[in-house]
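Below you'll find the structure, written out as structure tokens, and then a few comments.
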Amino acid sequence: MNCMICSKRKEDFEVWHNKVVVAATYDSEFQNHEQIRKMDDKSIICHDCILSIKEEVEKNRK
């Protein structure tokens, strides 16, 4: 599997599979991030990219 953001090959335990899993964060600012909004039901994002998105959201949080 390849991450939709960094395009690196990842194993299934290293990725977030879809928006349903991301929705479990209960963080509307995180869920509204541009990259997260681009996800469809087959998209995957690796854990490292999720962490970088989370850091970006925290930095820009109002």
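Heavy-atom basis, side chains included; hydrogens, waters and symmetry copies ignored.
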Scan the side chains in residues 49-59 for donor-acceptor partners under 3.5 Å anywhere in the protein, sequence neighbours excluded, and list what turns up.
residue, atom, partner, partner atom, Å
S52, OG, C49, O, 2.8
E56, OE2, H33, NE2, 3.3
E58, OE2, R61, NE, 3.4
E58, OE2, R61, NH2, 2.9

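Shown here for M39 and I45, the closest heavy-atom pair between the two residues is SD-CD1, 3.5 Å. Annotation for C3 and C46: closest pair SG-N, 3.3 Å, computed over non-hydrogen atoms.
Following chains of ILVMFWY side-chain contacts shorter than 4.5 Å, one cannot reach V15 starting from M4, and the two form parts of different hydrophobic clusters. When the side chains of ILVMFWY residues are joined at heavy-atom separations under 4.5 Å, either directly or via intervening members, I5 and I44 end up in two distinct hydrophobic clusters.
For E34, the salt bridge (charged side-chain N to carboxylate O under 4.0 Å, His left out) test picks out K38, with sequence neighbours left out.
Separation of atoms NZ (K10) and NE2 (H47) is listed at 10.5 Å; rounding is to 0.5 Å.
Using a 4.5 Å heavy-atom cutoff, the side chains of E14 and M1 are not in contact.
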